[in-house]
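So that the names make sense, note that chain A is the first sequence line, chain B the second, and so on, each numbered from 1.
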Amino acid sequence: MIGRSVDRLEDDDLLRANTRFVGSLAFEDMLHMHVVRSPYAHARLKTVIVDKAAMAPGVIAVWVGNDIRDLSPIGFRRVPDRDLLQYRQRLMALEELRYVGEPVAIVLATDPYLAEDAGRLVAIDAEILPPVLDCEPRPDSRSEPLLRGRNEIARIEKGYGDIEAAFAAADHKISISCQIARQTAVPLETRGAIAVPHAHAAGFDLYGAAKVPHANRQELAKILSLDIDSVVLREGHAGGGFGVRGELYPEDVLVAFAALRLGRPVKWIEDRSEHFLAINHSRDQMIHLDAAVSEGGVIAGLHARLATDQGAYLRTHEIKVSDLSCAFLPGPYRIPAYRATATVHLTNKTPCGTYRAPGRFEATFAMERMIDAIAAALALDPVEVRRRNLISAAEMPFERKIEATGKRVVYDSGDYRQTLETAIEAFDLPELRRAAEERRREGECVGIGVAMFVEKTDTALHETVRLELASDGKIEIVTGTSSLGQGMETALTQIAADGLGLPMDAFRLVRGQTDRIAQSGGTFASRTTLMAGSAIHEASRIFRQKLIEVSAALYGVTTGEVTVHGEGCCIDGRSLNLLQLRAALDTAAPDTQLVAEADFSSGAMACPYGVHIAQVKVDPDDLSVMVEKYHIAYEIGRAVNPDLVRAQLLGGAVQGIGGALMEEISFSADGQPLTISFAHYVTPRTVDVPAFDILVLEDWPSPTNPLGLKGAGEGGINAAGAAVAAAVEDAFGATIAPRRLPITPKSLFDLLARTDSAHTRASWPARQGSATEWDSHFRNAADDTSSFCRGINPAR
Amino acid sequence: MEDTELHTVSFKLNGHVQVLQVAPRRSLTHVLDQECGMKSARVGCGQGDCGSCTVSVDGVPIRGCLLFAVQADGADIRTAEALADPAMLAAIRKAFKKHRAIQCGYCTPGFMILAEYILRNALPLDQAVQTLSANLCRCTGYSPIVSAVTELLALRAENGCGP
Ligand code: FES
Ligand code: FES
């Protein structure tokens, strides 16, 4: 079963709308919650006047921050530094409003429309304060000349090797500055939650759960001072996740609080504008790189300085994204000496968290732009520069000598050079380049970009699963991991079917119900198939053994006379399906449970990797960029269902193309969000999609787990920004170097305008974002923080 | 602004006449979902941008979130649960499944309504792609959806009319 592109088990229900999306669920006597949010980016909150709202039709209760003072803020899942706990977000604002969209009050009413009506009657009395809207890097020549400011709350340092020596001995020092705009995942379904209080005891069921139900159960129980078993999270269907959905947000705690207080089910469904204000944002990093490079293009040392605009508070992911950027910036390259400093800054914007390939989309963009800058500076082929710097197969497993969120970074297996050559040959890169060049000669603006990357499949937490023969004769696969559309039910059932040698329809997958299984790490960082899959693999071995033992005992034969096959087992020549076996057990030994539980943990992360090749065409009139073709070669170790892997890569790449060309969340000068609908936040549509060629490679199984698996979720998006930017650069014959995402027509126009003026101003560096330009901006802006910020962003 | 004043609306939903009392400000999507139990009626934005709410009204795909239910009085409404032609519905389901055009499935009913319209009107492929561009999907990267519809159109052409 493993390795076959079987049809998805999920699809029949989805095609028939036989679904449990939280929006369509309803319970008797249910109330509806509306959240009143801060209209100010920054203000001192004096009072919230709720009298009118409380008397509005249908309203049952109105609560403000003061009413729930004693409830603690949502914690971190990992505490990197106790000092950071002070920056957690309260469930509702108390004294200060720090971003537009911050919850200020909740209205509970008998109808969602009435709740919203009443919300309009809540008056917020506040004294408006000036907002902080950027990382405020202020020059401080004494120590760290860049990216330092008063709103810095954390600093991450990583590195290895003798970086000073590398720079002292280098033939060339090449510097670039990159920026990735604020973006977010925008799953098509907004968030939603329904808390249903338990009838006879303190506690509740929470519907609408996703991603990390077990972690959220624990945190909810802690905040609401409940026994952990009295909090039950229930996952139904979820309309996409991508990192943002399923984190624990203030609204999840607020519905539970209200349901407990009022003793009635409470439902909250986020609207799309709220979603843009309230859900985790991501990206929003500036990355400055200095590389010490030999004449031949070999990097001897890399110095990275990053600044992350974290938004107003630290949420569940604390400063993790910046940490991941630092840890994965060196990518597939050897780089003997490396130093990274990341600073994390609080601003009056929506708080940030993880979004598909968090920290890596950003890091890969910067690193790959650096490789291309080296190639341009030394007049080398960008592919050749990659070849000269790649870690070799002989160095695997490769110890990076740094940690990512407290875990050692070790690349488990692979041959990066081999994969690069495979991609070049399979996609015929020389021909792609030749054809593009020819079209350029004919006046078209067409280019090819290549990018490489290393992903990580998280194995930090362990994972428990249980196989259990249910009363209807199905074997239930019980897992706490989560279905967000990726097809995990299918992939995990394939692994179970493979392990037991039974058909897939012998199984039923139960997921995301915290009362059905004691533990789960959840679904993030592409971990589900690897972690839950490995546990299922082990559980099916145990289950098989038990099945044989129980059957043998039932029929008084030796275990040697029982085999598992067909629809169940064969006992002494007689075939018995699982339903018959269950019935026989129920009669003869009703207490016998056929259950196998297994727990999988792995000390090391699995590292899938790959190559992206983009072909773009720029419209000479409106400077819009169209991705014409997109190629991905991805080493996944072992593909449980190759079609599902391809689907992940394709969907991820299109999301990445959005990030490369379209998506940006922006704010006005007074901190008002300007991106509050899909009309402002432009994502790809059918007409934006290129032709795809995707190669799923299984040459290097991961040694970190018994099936050799690596994750599939993030390899499609990881290098998309880098590949598209490189292709745009190539389309303009390398006269510009886009180093800011997204590459919008406006940003291209500005880049080109600068290039034009470069021809008339001798002092202006010809290549945008070069070291000289950075330094000159830095000097000019030495006493002007805001213009310095613009200096960091060469594309603006 | 309250919902005290209810209006009688009647429309045909998937072939069956419905008579409902609704407040004037309720959207068609809200009423189809909450009152009629159509789980395919889904809001992705409520602002007319995403097409998750697409239903067929008098044979044309429309944004259910932008229509008040009272405006649908007398209309013939079809949702993805029960398209007019059962054979076409089966063919669409089959093609979507085969081409991996579904991931989370939230957008799927909307795209099925568009696919039905494209097939019924035998749109040429470029127009079909433009039509599919009306709706957003954040999971699949669209090309599986386009492949499914391309195949359905080819099948339709082969069979003369209707897949
Ligand atoms: S919900 Fe109607 S267009 Fe988005
Ligand atoms: S399948 Fe998830 S939005 Fe389309």
Heavy atoms only, distances under 4.5 angstrom: which of [options] has the most pairs with chain B? Name it, please.
| options | answer |
| --- | --- |
| A:Val654, A:Leu15, A:Leu14, A:Ile657 | A:Leu15 |
| A:Ala691, A:Ala185, A:Pro187, A:Ser483 | A:Ala185 |
| A:Asp643, A:Asn18, A:Ile269 | A:Asp643 |

key: B:Gln21, CD: over 12 other non-hydrogen atoms inside 6.0 angstrom   =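 Check passes, neighbour count above 12.
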
Return the minimal non-hydrogen interatomic distance between [X] and [Y], and the atom names on each side.
| X | Y | result |
| --- | --- | --- |
| B:Asp33 | A:Ser24 | OD1-CB, 3.6 Å |
| A:Tyr113 | B:Ser27 | OH-N, 3.5 Å |
| A:Pro112 | B:His30 | CG-CE1, 4.5 Å |

Measure [X] against the heavy atoms of chain B and call it side chain, backbone, both or neither at under 4.5 Å.
| X | value |
| --- | --- |
| A:Ser677 | both |
| A:Val689 | side chain |
| A:Leu25 | neither |
| A:Asp7 | both |
| A:Val682 | neither |
| A:Ala238 | backbone |
| A:Ala56 | neither |

Rounded to the nearest 0.5 Å, what separation is found between the [atom1] atom of [X] and the [atom2] atom of [Y]?
| X | Y | atom1 | atom2 | answer |
| --- | --- | --- | --- | --- |
| B:Ser52 | A:Phe21 | OG | CZ | 9.5 Å |
| B:Cys139 | A:Gln486 | SG | CD | 9.5 Å |
| B:Cys45 | A:Glu189 | SG | CD | 13.5 Å |
| B:Gln103 | A:Leu644 | CD | CG | 8.5 Å |
| A:Leu188 | B:Cys104 | CG | SG | 6.5 Å |

Check for a donor-acceptor pair, side chain of [X] on one end and backbone N or O of [Y] on the other, with a separation under 3.5 Å.
| X | Y | result |
| --- | --- | --- |
| A:Arg272 | B:Gly44 | yes |
| B:Tyr142 | A:Pro684 | yes |
| A:Arg685 | B:Ser133 | yes |

request  = Report the C-alpha distance between B:Arg100 and A:Ser5 in whole Å, list the side-chain angles of each, state the deciding distance to 0.1 Å, and finish with yes or no for side-chain hydrogen bond (donor to acceptor under 3.5 Å, both in side chains).
outcome  = CA-CA 10 Å; B:Arg100 313 283 178 237; A:Ser5 290; 5.4 Å; no

ask   = side chain to side chain contact (heavy atoms under 4.5 Å, CB included) between B:Ile102 and A:Glu10: does it pass, once the steps are laid out?
value = CA-CA 9 Å; B:Ile102 314 154; A:Glu10 294 87 345; over 6 Å; no

Given a strict heavy-atom distance threshold of 4.5 Å, which part of [X] is in contact with chain A: side chain, backbone, both, or neither?
| X | answer |
| --- | --- |
| B:Thr108 | side chain |
| B:Asn135 | backbone |
| B:Val129 | both |
| B:Ala134 | backbone |

query = Thinking salt bridges, do B:Lys97 and A:Asp11 make one under a 4.0 Å N-O criterion?
reply = no

request  = Before accepting this row, confirm whether a basic side-chain N of the pair B:Arg25/A:Glu116 lies closer than 4.0 Å to the acidic partner's carboxylate O.
outcome  = no

ask   = What option among B:Ile92, B:Thr140, B:Thr79, B:Leu136 has the most heavy-atom pairs under 4.5 Å with chain A?
value = B:Leu136

key: Any side-chain donor near an acceptor of the partner, A:Ser273 and B:Gln47, under 3.5 Å   = yes

